[in-house]
Trainee: 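Structure in structure tokens, see below.
FYI, side chains are in, hydrogens and waters are out, and symmetry mates aren't considered; it's all heavy atoms of this structure. Keep in mind that what you see is a predicted model, and the values were worked out from it rather than measured.
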Protein chains: 2
Amino acid sequence: MALENQELRKAGLKVTLPRVKIYQILERAGEGQHFSAEDIYKMLMESGEDVGLATVYRVLTQFEAAGLVSRHHFEGGHSVFELARDEHHDHVVCVKCGRVREFVDQELTQRLNDIAEELGFTVTDRTLYLYGVCRDGCEEDE
Amino acid sequence: MALENQELRKAGLKVTLPRVKIYQILERAGEGQHFSAEDIYKMLMESGEDVGLATVYRVLTQFEAAGLVSRHHFEGGHSVFELARDEHHDHVVCVKCGRVREFVDQELTQRLNDIAEELGFTVTDRTLYLYGVCRDGCEEDE
DNA sequence: TCGCATTTGTAAATGGCTTCCGTTTTCGCC
DNA sequence: GGCGAAAACGGAAGCCATTTACAAATGCGA
């Protein structure tokens, strides 16, 4: 528990109940899990925490600014969040079952840097989503 | 002029003034130009055309469904459109000057397909944006 | 423990986009 | 060239994720 507090303080944020709770949710979810602000809001409600939706948005934005979480904009609208990790990873999204998987590929990164280089451009970040379908059946919504 | 009409008819769309005008705007802009619905709406207003914003959105969506244009969702919100081309291309966005450049890279596509393959996934589409800065000065807004 | 700046919750506002609906336009058919 | 059903339009209202305004509540250094 002191751990989250450390993280928050390190980021220059006061340790408040909403921030701790939201951080815990993201933390418990583990890698590869992505939540919308709405998702997190619902989880808080369900566990009896009385946190406003506006606060969820505010906190997530602060976390993002502090580098604690990263925000992804999938095609078609709202953002999802996940705890930031050191290594850049990209996403694969199944348009049938909605499942999101991640991958890290150094060769890909290298190629992208080369391409940018040729264009006289220095890459600082990227968003890459592959859309398609799981090869093995995936009819059921996850 | 008959050309646009052909395209529209081919797409199963009646030839109406708003559709023709919007198509022309996209066409005249040429490759590498991206417009938001709002942009297009303003251009129509400026050239004295009395087209509703709702119609602009409708038409762009129809064009997209018909494969005439492609829609891109850059980080941070609203969509931009451009005339569709045969070859899939990706984007480089300068976060300083806002310039957008495009590229096509077969090796990249190959690598992405391989990665997806390893994950048991079949790619049907992708969105890839590289964010960064132009190496040569680009202070001035485009 | 106190004081006050920060943070929060609620409600209202925003902004991109879509839908509703009465009116206008297109275009196949005469 | 003119008719009329079907499609498309414009404007206003609606939707929905997100942000903002503001007064009340809270964290935390002194």
Trainee: Cut-off 3.5 Å, side chains only: do B:Asp90 and B:His88 have a donor facing an acceptor?
Mentor: yes
Trainee: Test B:Gln24 against B:Glu4 for side chain to side chain donor-acceptor pair (under 3.5 Å), laying out the working first.
Mentor: CA-CA 7 Å; B:Gln24 287 178 344; B:Glu4 297 98 38; 3.3 Å; yes
Trainee: Check the phosphate of C:dC17 against B:Ser79, side-chain N and O only, distance under 4.0 Å to OP1 or OP2. Yes or no?
Mentor: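 True: B:Ser79 side-chain N/O within range (under 4.0 Å) of C:dC17 OP1/OP2.
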Trainee: To the nearest angstrom, how far is B:Gln62 atom CD from D:dA8 atom P?
Mentor: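 In whole Å, D:dA8 P lies 6 Å from B:Gln62 CD.
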Trainee: Take the protein atom NE2 of B:His78 and the nucleotide atom P of C:dT18, then report the distance between them rounded to whole Å.
Mentor: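 So the two atoms are 14 Å apart, to the nearest Å.
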Trainee: Any idea which of C:dT26, D:dC9, C:dG9 is nearest the A:Pro18 side chain?
Mentor: C:dG9
Trainee: Side chain of B:Lys14 only, heavy atoms from C-beta on: which candidate in C:dT26, D:dG10, C:dT7 is closest?
Mentor: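 Given the options C:dT26, D:dG10, C:dT7, the side chain of B:Lys14 is closest to C:dT26.
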Trainee: For the CZ atom of B:Arg71 and the OG1 atom of B:Thr61, what is their distance to the nearest 0.5 Å?
Mentor: 4.5 Å
Trainee: What integer distance in Å separates B:Tyr41:OH from C:dG15:C1'?
Mentor: 15 Å
Trainee: Is any side-chain N or O of A:Thr16 closer than 4.0 Å to OP1 or OP2 of C:dT8?
Mentor: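 Checking C:dT8 against A:Thr16, a side-chain N or O does come within under 4.0 Å of OP1 or OP2.
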Trainee: Taking the side chain of A:Ala54 as its heavy atoms from C-beta onward, which of C:dT19, C:dA11, C:dC17 lies nearest to it?
Mentor: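 Between C:dT19, C:dA11, C:dC17, the one nearest the side chain of A:Ala54 would be C:dA11.
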Trainee: If I take atom CD in residue B:Glu38 and atom C1' in nucleotide C:dT14, what distance separates them, rounded to the nearest angstrom?
Mentor: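 Those two atoms, CD and C1', are 14 Å apart.
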Trainee: Using side-chain heavy atoms (C-beta onward) and a distance below 4.5 Å, is A:Val51 in contact with A:Tyr41?
Mentor: no
Trainee: Five pairs per end, C1' atoms only: what is the angle between the end axes of the helix from C:dT1-D:dA30 to C:dC30-D:dG1, to 10 degrees?
Mentor: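 Between the axes fitted at each end of the helix from C:dT1-D:dA30 to C:dC30-D:dG1 lies an angle of 30°.
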Trainee: Can you tell me which nucleotide in C:dA11, D:dT18, D:dC9 comes closest to the side chain of A:Leu53?
Mentor: D:dT18
Trainee: Using whole Å, report how far OH of A:Tyr57 lies from P of D:dT18.
Mentor: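 So the OH-P distance, A:Tyr57 to D:dT18, works out to 3 Å.
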Trainee: Round to the nearest Å and state the distance from B:Glu49 atom CD to C:dT24 atom C1'.
Mentor: 16 Å
Trainee: Quickly work out the A:Leu60 CG to C:dT8 P distance and round it to whole Å.
Mentor: 11 Å
Trainee: Would you kindly compare B:Ala37 and A:Gly12 by the position of their nearest DNA chain C nucleotide and give the one closer to the 5′ end?
Mentor: A:Gly12
Trainee: Take the angle between the ring planes of A:His72 and A:Tyr129 and call it parallel below 30°, perpendicular above 60°, tilted in between.
Mentor: perpendicular
Trainee: Decide, yes or no, whether a salt bridge links B:Arg135 with A:Glu117 under the criterion of side-chain N to carboxylate O below 4.0 Å.
Mentor: yes
Trainee: Salt bridge between B:Arg85 and B:Glu102, side-chain N to carboxylate O under 4.0 Å?
Mentor: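 Yes.
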Trainee: The side chain of B:Arg58 lies closest to which of these nucleotides: D:dA6, D:dG11, D:dC28?
Mentor: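 The listed nucleotide nearest to B:Arg58's side chain is D:dG11.
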Trainee: Figure out the CG/P separation between A:Asp50 and D:dA24, and round it to whole Å.
Mentor: 18 Å
Trainee: Of all the nucleotides listed (C:dC17, D:dG27, D:dC9), which has the minimum atom distance to the side chain of B:Arg19?
Mentor: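 For B:Arg19, the side-chain atoms sit closest to D:dC9.
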